[in-house]
Structure formats: structure tokens, C-alpha cells
Amino acid sequence: MSLENEAVRTDGDVDDLVGIGFGPANLALAIAVDDHNRAAGEPPLRVNFLERQRSFGWHRGMLLDGATMQVSFLKDLVTQRDPRSRFTFLAYLQERGRLADFINLKTFYPTRLEFHDYFEWCAAEFADRVGYARTVTGIRPVTGPDGRTEQVEVVSEALGGGGRRTRRARNIAVGTGLTPRLPEGVRTGEHLWHTRDLLLRAPELAQRPLRHRRIAVVGAGQSAAEAVEYLHRTFPTAEICAVLTRYGYSPADDSPFANRIFDPAAVDEFYAAPEGAKRTLLAQHANTNYSVVDGELIEALYRTAYQEKVAGQERLRILNATRLTAAEESADGARAHVRSLTTGREQVLECDAVVLATGYTHVDPRELLGAQLAAACRTDEQGRLRVDRDHRVLTDDRLDVGIYLQGGTEHTHGITSSLLSTLAVRSGEIRDSMLLRRAGRDLRARDAVTAAAATATATVTATAG
């Protein structure tokens, strides 16, 4: 890779950490580091972040009016780590002049729109430490004369190409988030969207006449149900077809005992558990998070479907026990091919749009790390990355760069890997791990100086003798 247009960096320019991605996870880490730097008497940690979006954004395509968070506001970016931090959700409310008003709502669950505003309020404090509109194009090991790698160079380019820059770091935190999961063989387009783009695409559709007066939503989780409700409300002349492989939406288990799976202490227990127990726990508690829907929303959708049946004007159609077999763009919309799981009957839905609420998947961080660094990462029998309790990838002895994962660790750390529930605590664990590693480097450096001085003294003594 050419070094043209790259800034020349010196040892003094080495960051303690470069975070790749600046969503809620790395934002929480930035806050944890900031809290430490303000309180500690020792040298501050130097951290910077790179983010491909032009500004902070978290699932903007699903910031639907009235949609509420599914986690308590107390599971913000800091409270479970340090409720005294200046970055709590309550501090945000106080500064916005809404603390008393929020208290009067008598709820633990703010709207998604408000929580996003809280995230933006926090992110604004770190604008000078985030390179927005930048894509990481390579991570290169910096190998010393002893063959060990204690630093990496993170190369990024501005969106659209050019503007190449390099940051050197002792640690990296991969927080690139999730990527939309699409059915096999399906590609998104002007009339075929993933729910990630719902609020970006639906207003465009609303500006022109609907030819088919039909929109299909594929999926059975919270995003699918919210998309169905939103589209039914937004397009009053259109038929909304909910395509489900189940008989209907399943409620999320948010009971107090089940919710303990999201406690920070549960991460310790899960990490120490044998592999068989981990598989069992993930399977038993899948209904707390995966392909499940808030009970009130389920009841609201059922009530709507029933009332339309009574009125003889059924716009909300639940195609249950039905699977999407194919979907593609058409000349004037999109086409969904579906098949009944019970009768085998196939039909084609001519739609103005097909919305895929088919979830997300993690991107293997080894694709970002590059071949040389990826080869130094240790894996288990199933080829998955081995990750230490401090969220750092285990590597061979030649690599002494901390590679921290902000997600993609469900197999080692449990169901909260990609959720908001333990971000506050996890960010503190990563920060403390970096501090511990820095102390170890400083100690080794002092020992090396002491050893060199002792050798020099011995040499002088021998010469004098």
C-alpha cells in the first residue's frame, strides 16, 4: 500500500487507542476514558476514533415516532459503571431542562428518538477526537527489530476517496456495529429495503402515487412489527402484508428473572461456563431478544387487524406460516415470492415496496485486521476468535497490540455482546485493561533500563579490574 499523501508520524504521535467506528459502544469507551483522564493524576490516555458516517447516528432509519427503548434509561452509557459521571441520561435531561417532565412520565423507557438525542449530546463532547466521514482501508503491524509488534498503523480515507491519513496506536477497539442480514439471493434496491433504511426510503415512496397499493414486510421481530405499524399508519390507502414464518408475533420475555441474563454479573458467569452450558443459555434465553416483539405492540396490531375484519376493510394482512422464497425489483415496484409452510401454496405479491426486517449479522473483524494481524489471532475449534475476559482478542506472543472487540463476542461473553445493556461496564473494563497493559509496558521499560545500567556498570568494573 502506497504511503502517498499520508502524514508522517513520530513516536510522540502514538495513540493509546484508535477506535474503529463511533457508535454507542465506542462512544461509551470514549466517556470511560474521559472520566478517567479527568480524575486521575497519572498521564491521560490518548484516544481517537474513526467513523464512516458524516455525523453520529444510531439506527436513524428506525427512529419512529413514539417508538420506545426496550432497555431502561439506567442502562445508559455510564450509570452502571459510575452514576456520578457527567454523561448520565439524567444529567442530559437536567441540561435539556426536562428532568422534572421526564419524572412525571413515570417510565423507565424513553422514546428511541430521545435516547438518540442523548447519544448525540454525549458524542458532541468528543467531536475533536472523531474523524467522521472516514473509512478504514487498512491496519498494518509495526514490527520492531526484535520481531515483536507493539503498535499498528490504522490507515483511513475520506468518503469518496483521497485524503489518506495514518494513525499509529498501541490498541484498537473494533466497534463497527452490525450489517444487515438479507435472505439468500436478495439484493436491496429502490423499492426493496432493509428496515435500516425505512425512514430514509418511505418518505420518498409517499411522494408518488402507489401503483399496487401494497407493501410487504418480511420478518417477525420488533423491527418488523414496528415497520408494519408505521407503514399501516403512514400509507392509509395501502395494504400492508406481514410475512411471518410463525403463526404470529411472539412476545419478548422481559420478566425480572429472565432479565438477569442482561446483568453485568451474568457476563462473568457466562464467560466462565463450559461450552455446553453457553449453548444452552443462549438457546433458553433467545426469547428475551431475538425475533420477539413488545407485548403492547402485538396487542395493538391484533386489535387493528380484528377491527378491520369487523369493518370489512382489511388493510393489515398477516400472512402467517409463510416464507419468502425470493424478492426482486420490478418495473414499477418490487415483487415478493412467498410460499405457505402448511399448504405449500405459492403466490407472488406485486408491491410498491418490500421491506426486509431480517435482522443483522456481525462482520468478522479479521476482514478489517488484514491477513498478517488476523493470522496472529487465536481461534477455537470452531474457527471463532478466542477473546479474553477483558474483551481483547487472544493473540500469539509476537503481537502485543490490544485488539478489543465491541461486539461479535456472543460465543464468549453472552447475549449482551451486541446490546446496550452492559456498554457502561464493558467500556470501563476495556479502559482498565488498557491502563493495566500500559503499566506493564512501563514496568518492562524500567526493568530494561535497570538491566542496561547494571550491564554497563559490570562492564566498567571488569575493564577497570
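Being a predicted model, the structure only gives us computed values, none of them experimental.
There is a side-chain donor-acceptor pair under 3.5 Å between H337 and E328. In the model, R426 has a side-chain atom that pairs as donor or acceptor with a side-chain atom of Q406 under 3.5 Å. Between the side chains of R196 and H59, no donor-acceptor pair is found at a separation under 3.5 Å. Residues S433 and Y404 have side chains that bring a donor and an acceptor to within less than 3.5 angstrom of each other. Using modelled atom types, one finds no donor on one side chain facing an acceptor on the other under 3.5 Å when comparing T179 with T361. Judged by distance alone, the side chains of Y230 and D65 never bring a donor and an acceptor atom under 3.5 Å apart.
Looking only at side-chain heavy atoms (C-beta outward), V71 and F262 stay at 4.5 Å or farther from each other. The shortest distance between side-chain heavy atoms of W58 and E120 does not fall below 4.5 Å. Side chains of S250 and N287 form no contact here, defined as non-hydrogen atoms less than 4.5 Å apart.
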(message) Walk me through whether I31 and C122 qualify under side chain to side chain contact (heavy atoms under 4.5 Å, CB included).
(response) CA-CA 8 Å; I31 292 172; C122 293; 4.1 Å; yes
(request) Take R140 and V152 through the side chain to side chain contact (heavy atoms under 4.5 Å, CB included) test and state the conclusion after the steps. (result) CA-CA 5 Å; R140 305 182 302 218; V152 292; over 6 Å; no
(request) Carefully, step by step, assess T149 and T143 under the rule side chain to side chain donor-acceptor pair (under 3.5 Å). (result) CA-CA 4 Å; T149 299; T143 304; 3.1 Å; yes
(message) Using the rule given for side chain to side chain contact (heavy atoms under 4.5 Å, CB included), can you reason through E157 versus T135, listing the C-alpha separation, both sets of side-chain angles and the distance that settles it, and then say yes or no?
(response) CA-CA 5 Å; E157 289 186 354; T135 300; 5.6 Å; no
(request) Check the pair T416, L423 against side chain to side chain contact (heavy atoms under 4.5 Å, CB included), reporting the backbone distance first and the verdict last. (result) CA-CA 9 Å; T416 60; L423 283 192; over 6 Å; no
(request) Might you work through the salt bridge (Lys or Arg N to Asp or Glu O under 4.0 Å) test for E239 and R317, ending with a clear yes or no? (result) CA-CA 7 Å; E239 176 184 88; R317 291 181 58 200; 3.2 Å; yes
(request) Please step through ring pair (Phe, Tyr, Trp, His ring centres under 6.0 Å) for the pair F89 and F102, ending with a clear verdict. (result) CA-CA 11 Å; F89 181 72; F102 183 83; 5.4 Å; yes
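Aromatic ring pairs are classed by plane angle as parallel below 30°, tilted from 30° to 60° and perpendicular above 60°; the pair F108 and F73 is parallel. A perpendicular orientation is assigned to the rings of F119 and F115, their planes being inclined by more than 60° (bins at 30° and 60°). Ring orientation note: the planes of F22 and F126 are nearly perpendicular, at an angle over 60° on the 30°/60° scale.
A salt bridge does not link D397 to R148: none of the charged nitrogens lies less than 4.0 Å from a carboxylate oxygen. Ionic pairing of R389 and D268 is present here: one or more N-O contacts between side-chain nitrogen and carboxylate oxygen are shorter than 4.0 angstrom. In this structure, R81 does not pair ionically with D432, as no charged nitrogen and carboxylate oxygen lie closer than 4.0 Å. In this structure, R233 does not pair ionically with E226, as no charged nitrogen and carboxylate oxygen lie closer than 4.0 Å.
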Give the table of side-chain donor-acceptor pairs shorter than 3.5 Å for residues 199-211, with sequence neighbours excluded, one pair per line with atom names and distance.
unit_1 : atom_1 : unit_2 : atom_2 : d
R208   : NH1    : E204   : O      : 3.2
R211   : NE     : D332   : OD2    : 2.4

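With a 6.0 Å radius and a threshold of 12 heavy atoms from other residues, nucleotides or ligands, R246 has its CZ atom above the threshold. Within 6.0 Å of the CZ atom in R52, the count of heavy atoms belonging to other residues, nucleotides or ligands does not exceed 12. More than 12 heavy atoms of other residues, nucleotides or ligands shown are found within 6.0 angstrom of CD on E346. Counting non-hydrogen atoms of neighbouring residues, nucleotides and ligands closer than 6.0 angstrom, the CZ atom of R323 reaches no more than 12 such neighbours.
Relative to the six-membered ring of Y271, K278 meets both conditions, a distance below 6.0 Å and an angle of at most 45° to the axis.
Judged by distance alone, with hydrogens and angles left aside, the side-chain atoms of T409 form no donor-acceptor pair with the main-chain N or O of T412 at under 3.5 Å. Looking only at distances, a side-chain donor or acceptor of D352 sits under 3.5 Å from a matching main-chain atom of R214. For the pair D388 (side chain) and D390 (backbone), a donor-acceptor distance under 3.5 Å is absent. In this structure, T304 contributes its side chain and A300 its backbone to a donor-acceptor pair below 3.5 Å. Counting only distance, with no hydrogens or angles, the side chain of D364 and the backbone of E367 share no donor-acceptor pair below 3.5 Å. In this structure, the side chain of T79 does not engage the main chain of K75 through any donor-acceptor pair within 3.5 Å.
Residues satisfying the side-chain hydrogen bond (donor to acceptor under 3.5 Å, both in side chains) criterion with D380, sequence neighbours excluded, are R384.
Only one option out of R46, R168, R129 pairs with D15 in a side chain to side chain donor-acceptor pair (under 3.5 Å); it is R46.
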